[in-house]
Engineer: 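Take this structure first; my questions come after.
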Amino acid sequence: MSEQNFDIVILGGGSGGYAAALRAVQLGFTVGLVEKDRLGGTCLHRGCIPTKALLHAAEIADNSRESSKFGVRSVFEGIDIAAVTTYRERIVASKYKGLQGLVKAQGITVIEGEGRLVAPNAVQVGDDRIGGKNVILATGSYSRSLPGLEIGGRVITSEQALELDFVPGKVAVLGGGVIGVEFASVWKSFGADVTIIEALPHLVPNEEESVSKQLERAFRKRGIAYKLGVRFQGVTQHEDGVLLTLENGETVEAELLLVAVGRGPVTQGLGYEEAGITIDRGFVVTDERLATNVPGVYAVGDIVPGLQLAHRGFAQGIFVAEEIAGLNPIIVEDVNIPRVTYCEPEVASIGYTQARAAEKYGADQVSSYEYNLAGNGKSHILETSGSIKVVRVNDGPIVGVHMIGARVGELIGEAQLAVNWEAYPEDIAPFIHAHPTQNEALGEAFLKLAGKPLHVS
Amino acid sequence: MSEQNFDIVILGGGSGGYAAALRAVQLGFTVGLVEKDRLGGTCLHRGCIPTKALLHAAEIADNSRESSKFGVRSVFEGIDIAAVTTYRERIVASKYKGLQGLVKAQGITVIEGEGRLVAPNAVQVGDDRIGGKNVILATGSYSRSLPGLEIGGRVITSEQALELDFVPGKVAVLGGGVIGVEFASVWKSFGADVTIIEALPHLVPNEEESVSKQLERAFRKRGIAYKLGVRFQGVTQHEDGVLLTLENGETVEAELLLVAVGRGPVTQGLGYEEAGITIDRGFVVTDERLATNVPGVYAVGDIVPGLQLAHRGFAQGIFVAEEIAGLNPIIVEDVNIPRVTYCEPEVASIGYTQARAAEKYGADQVSSYEYNLAGNGKSHILETSGSIKVVRVNDGPIVGVHMIGARVGELIGEAQLAVNWEAYPEDIAPFIHAHPTQNEALGEAFLKLAGKPLHVS
Amino acid sequence: EPPMRPERPRSTPPVRKLARDLGIDLVGLTGTGEGGLITRADVEAAASVTQAPVPEPT
Ligand SMILES: Cc1cc2nc3c(=O)[nH]c(=O)nc-3n(C[C@H](O)[C@H](O)[C@H](O)COP(=O)(O)OP(=O)(O)OC[C@H]3O[C@@H](n4cnc5c(N)ncnc54)[C@H](O)[C@@H]3O)c2cc1C
Ligand SMILES: Cc1cc2nc3c(=O)[nH]c(=O)nc-3n(C[C@H](O)[C@H](O)[C@H](O)COP(=O)(O)OP(=O)(O)OC[C@H]3O[C@@H](n4cnc5c(N)ncnc54)[C@H](O)[C@@H]3O)c2cc1C
């Protein structure tokens, strides 16, 4: 049994934990970072990075299939899943190596092993007690299931889905949120028959309704089936497949069922409650500055209620390090965090939907404009359809931007500056967007809301 | 002989002219728009749009060729140039139809024919005199050549290059500027051997030097040959090719020579000088509010010295319409106009290069940071390399952003808001870029210049 | 680690740009936004004072 002491102990080395660690050492603190598995956490090993590699392989497959449309003669012969795996693992391995090197170079002490909070200022790892003047909880999340739906065999979560060594012939996806639609998109591009089951009335139900509807239309065109507003009832597994029953009596047969119904916080059995930390439905409750009710203990990332996104965890990690350093960092609210769904077509948004803006500011205080990408030259060249909707407060700032279409994810950078700086469309109207780009479409939407539409990009 | 009178007469229906027309009618003016060829001008018919269609076909071809890297089995069998043409023409035709419909719907009177300025307030078209209280000159540009270098046969400009009905086996490109590198990129992707000859020491010589160097490295890797800092001497055509001689004694053989040495203003023989308008080396001289020296006569687009870009012409058209309406529009300087070169890899920039910023603000008043895309997850997934360089004034605003890498063109939207609003890196540092995107790399560069690098996207 | 720069009036870039366009110097203004942030309303209020109609000389 040994004891080590640091200025800050961080429990969990995912996006939230390692970002906090990196910023903290930069600010002159000593840091002990406890990780039981691999630095980088969900995002690097089982989330953002490997899924986006699959989605890019999927794009390449689609391009190849549709190449004749663009005058390219190319014969699509299928997916070499072993090669996809090599590609995916190569990306992850290289980022993992980079992260390990960085963490080491910065002088962060990584403590390998499963940690448990044993006091407001100490984490126990095996026989060792790791003391910290401040403690940051960053234990992340796991794939949830539904009551009575057991994961195993042909009923899988995103972890197993990522590592499949074959392309299923027919697959059912339970949940039409971000993770569900991304896997559905990949599998369809890889050649599978896909059916999504979503209990809410829309795919990506947190997005602007018109975006959800357009995604549904695009998926229908791609031949991705979905059943909306219908709840899962049960599933049976047999030798070569699964049989799902839905509450409306319908059944779905498939080789595999992907359960993508959300992610739960990893907070049980880690000593949090014993240390007096307030937990609500498994999540760690914090104030808006990410402090728990126990002085000196902070929480970041997926265990904090709100958006479960890597860049949010990352930013929260930086925030808490700066907070502990007394730098009084600026809070960025969840609503001002960009959200990108990387299926084909992509979905990207920031700020309020029209409905939420109407609730907040009053329906008659809000206007919006939805620019159809049919009018955008570059989108036309990409043969994509979709739209960009901008929501503003009348005589007031831009409070929401909602986009759908191939590659729109990257447009969120401009949208987020506009929303985060509370710009008025009039502030952007005099600026000139590059032609022919997709971000011109954003420019057109701003122009329209500033009262000067031209519609000719 | 008839006479028609309008509030505003516009000579030339390209990007500059039609934008002015659309904004002017919106502001309540009557407009006569004189066009001798097709509405949309260079950009729509012979410039931006058709070249970007070719570049997208080129991307599809590259993807197909390299698909095995991503685990996609696809056999690239070549380019079907007739199908490329169909695709390209379909895009142009549809945008052309849209533009014609819009111009008509807005009540703009289009006068078909070649116009000539016959008075400060009148344009003659054949027998008809078109009077306007204000006149806007927007006659655009043409492909220039060099003294003694005649266009014809196997010596072509971008107009003929666009419409080739075959992929040349070997092609020489005179000029390593935007148009030259874009065609070089397309042809290489289509399977041609390409050699670029550029008299200046770098490709895209107006860009940040490090970007030029990276483009050269990328082109070398792609097998695109280039000769820099060497001047053209002469060319002879023979039955199945051309033979170029360079001033250093080297020779280059090819099937075709594309001359891409810049574009000259279309201002000769149009009555401009006779009407008393000051012309300098063929360009129409204006003040910063785009007024010529003759009251009531304005000029927009490629005939005005400066950047020859469609969106600049477009914005100038809008500006002049608003200026005539007395709306006192805000000037956007050329340096604050985004520039995108759509070759593979793409190049995008806005504001000052480091060298120009040092001249303007003093070398010790400027800092910069160049973020290597090797650290950016999404770029890694796209298997692209490149960088994002941000230039700031110390304790002052971001004054330049310079990017190279696949798909970076769309990132210019965020960069341009930062530069146009004179944001400090510290203003952006608290914001959270979506993970994993390429615009995170921009975020990292801003973070670094704000003193908080993390390098882990 | 560069020090924070309290000497620079806190605002957002579009509001600073607006102030410049209206000829308002942010240094003289008191911000009414969160943490003393100078808001668009602060700038517009300052502009309406400076641009108050000047009586015609008689
Ligand atoms: C399939 C999928 C795709 C996704 N795609 C995206 C995307 O594209 N963009 C995006 O922004 N987000 C995406 N996410 C979400 C993103 O991965 C998470 O928001 C992010 O990883 C949360 O970071 P975190 O630090 O809170 O937790 P995690 O990344 O889960 O890290 C927690 C870490 O703590 C460790 N740990 C837990 N308990 C202990 C213990 N007791 N002792 C020691 N170590 C412990 C774990 O091993 C883990 O490494 C995706 C998620 C999934 C599942
Ligand atoms: C190959 C190529 C690629 C390009 N790619 C891009 C790009 O990706 N992005 C970008 O921003 N820019 C690009 N450009 C530049 C862009 O096309 C020009 O900047 C833009 O078209 C200039 O607009 P304009 O209105 O000044 O002139 P033009 O578009 O040239 O229009 C002038 C119009 O005036 C008409 N006209 C001329 N004289 C008369 C007359 N006497 N009477 C009646 N009509 C007349 C012409 O017929 C023409 O329609 C590209 C150019 C080329 C050649």
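Since we're looking at a predicted model, the values are computed, not measured. Reminder, nothing fancy here: chain letters follow the sequence lines and each chain counts from 1.
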Engineer: Considering only heavy atoms, which portion of B:L55 lies under 4.5 Å from any heavy atom of chain A: side chain, backbone, both, or neither?
Structural biologist: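 Contact with chain A involves no heavy atom of B:L55 at all.
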Engineer: Side chains of A:V75 and B:F76, heavy atoms from C-beta outward: is any pair under 4.5 Å?
Structural biologist: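 With C-beta onward as the side chain, the pair stays apart.
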Engineer: Please look at A:P329 and chain B and tell me whether the side chain, the backbone, both or neither of the residue comes under 4.5 angstrom of a heavy atom of that chain.
Structural biologist: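 For A:P329, no heavy atom lies under 4.5 Å from chain B.
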Engineer: Output the option from B:R88, B:Q106, B:E77, B:E383 having the highest count of non-hydrogen pairs under 4.5 Å with chain A.
Structural biologist: B:E77
Engineer: Which residue out of B:G40, B:C43, B:A82, B:A57 racks up the most heavy-atom pairs below 4.5 Å with chain A?
Structural biologist: B:A57
Engineer: Starting from the C-alpha separation in whole Å, work towards a yes-or-no answer on ring-ring contact (aromatic ring centres under 6.0 Å, His included) for B:H56 and A:F70.
Structural biologist: CA-CA 8 Å; B:H56 187 58; A:F70 304 99; 4.9 Å; yes
Engineer: So what's closer than 4.5 Å to chain A heavy atoms on B:Q316: side chain, backbone, both or neither?
Structural biologist: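 Contact with chain A involves no heavy atom of B:Q316 at all.
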Engineer: Would you mind checking which part of B:E66 comes under 4.5 Å of any heavy atom in chain A, side chain (CB onward), backbone (N, CA, C, O), both or neither?
Structural biologist: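 For B:E66, neither part sits under 4.5 Å from chain A.
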Engineer: For each of B:A61, B:G98, B:S67, B:S68, tally heavy-atom pairs with chain A at distances under 4.5 Å, and name the one with the top tally.
Structural biologist: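 The answer is B:A61.
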Engineer: I need the residue from A:A429, A:G78, A:A310 with the largest number of non-hydrogen atom pairs under 4.5 Å to chain B.
Structural biologist: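 Among A:A429, A:G78, A:A310, the one with the most close pairs to chain B is A:G78.
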Engineer: Under a 4.5 Å cutoff for heavy-atom pairs, which residue among B:A415, B:S64, B:G413, B:A83 has the most contacts with chain A?
Structural biologist: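 If we count pairs closer than 4.5 Å to chain A, B:G413 comes out on top.
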Engineer: I'd like to know if A:K52 pairs up with B:E440 as an ion pair, taking the criterion as any Lys NZ or Arg NE/NH1/NH2 lying under 4.0 Å from an Asp or Glu carboxylate oxygen.
Structural biologist: no
Engineer: Could you tell me whether a side-chain N or O of B:E410 sits under 3.5 Å from a main-chain N or O of A:N439, the two making a donor and an acceptor?
Structural biologist: yes
Engineer: Locate the shortest heavy-atom distance separating B:A418 from A:L417; write the atom from each residue and the value.
Structural biologist: N-CD1, 4.2 Å
Engineer: Just by distance, do the side chain of B:D80 and the backbone of A:G71 share a donor-acceptor pair under 3.5 Å?
Structural biologist: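 Side chain of B:D80 to backbone of A:G71, a donor-acceptor pair under 3.5 Å: no, none is there.
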Engineer: In terms of heavy-atom proximity below 4.5 Å to chain A, should B:F319 be classed as side chain, backbone, both, or neither?
Structural biologist: neither
Engineer: Decide whether B:S74 and A:S74 meet the rule of one side-chain donor and one side-chain acceptor closer than 3.5 Å.
Structural biologist: yes
Engineer: Please determine, among B:L54, B:N63, B:I81, B:I350, the option with the most heavy-atom pairs under 4.5 Å with chain A.
Structural biologist: B:N63
Engineer: Evaluate the side-chain proximity of A:F431 to B:I337: yes if any heavy-atom separation is below 4.5 Å, no if none is.
Structural biologist: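 No, side chains not in contact.
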Engineer: Could you give the distance from CD1 (B:I432) to CG (A:N336), rounded to the nearest 0.5 Å?
Structural biologist: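 Going from CD1 on B:I432 over to CG on A:N336, the span is 9.0 Å.
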Engineer: Can you confirm whether A:W421 sits close enough to B:I428 that some side-chain heavy atom of one is under 4.5 Å from a side-chain heavy atom of the other?
Structural biologist: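 Heavy-atom side-chain distance check passes, below 4.5 Å.
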Engineer: At a heavy-atom distance under 4.5 Å, which candidate from A:V84, A:I412, A:L44 has the highest pair count against chain B?
Structural biologist: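 Heavy-atom pairs under 4.5 Å are most numerous for A:V84.
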Engineer: Between A:V340 and chain B, with a heavy-atom cut-off of 4.5 Å, which part of the residue counts as in contact: side chain, backbone, both or neither?
Structural biologist: side chain
Engineer: So which of A:G443, A:P338, A:S15, A:A434 has the biggest tally of heavy-atom pairs under 4.5 Å with chain B?
Structural biologist: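 Winner by heavy-atom pair count: A:A434.
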Engineer: Side chain, backbone, both or neither: which part of B:R312 has an atom under 4.5 Å from a heavy atom of chain A?
Structural biologist: backbone
Engineer: With a 4.5 angstrom heavy-atom cut-off, is it the side chain or the backbone of A:D427 that approaches chain B, or both, or neither?
Structural biologist: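 Both the backbone and the side chain of A:D427 come within 4.5 Å of chain B.
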Engineer: Check whether A:L309 gets within reach of chain B through its side chain, its backbone, both or neither, counting any heavy atom under 4.5 Å.
Structural biologist: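 A:L309 has no heavy atom closer than 4.5 Å to chain B.
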Engineer: Heavy-atom distances under 4.5 Å only: say whether B:A58 touches chain A with side chain, backbone, both or neither.
Structural biologist: neither
Engineer: Any sub-3.5 Å donor-acceptor pair from A:H435's side-chain atoms to B:H311's backbone N or O?
Structural biologist: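 Not confirmed, A:H435 side chain does not pair with B:H311 backbone.
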Engineer: Verify the neighbour count for atom CD1 of A:I330: are there more than 12 heavy atoms of other residues, nucleotides or ligands below 6.0 Å?
Structural biologist: no
Engineer: Find the one option among B:R407, B:R339, B:R90, B:H380 whose heavy-atom pairs under 4.5 Å with chain A are most numerous.
Structural biologist: B:R407
Engineer: Is there side-chain contact between B:Q416 and A:H433, with heavy atoms separated by less than 4.5 Å?
Structural biologist: yes
Engineer: Where does B:L382 contact chain A at under 4.5 Å (heavy atoms): side chain, backbone, both or neither?
Structural biologist: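 Its backbone and side chain both get close to chain A.
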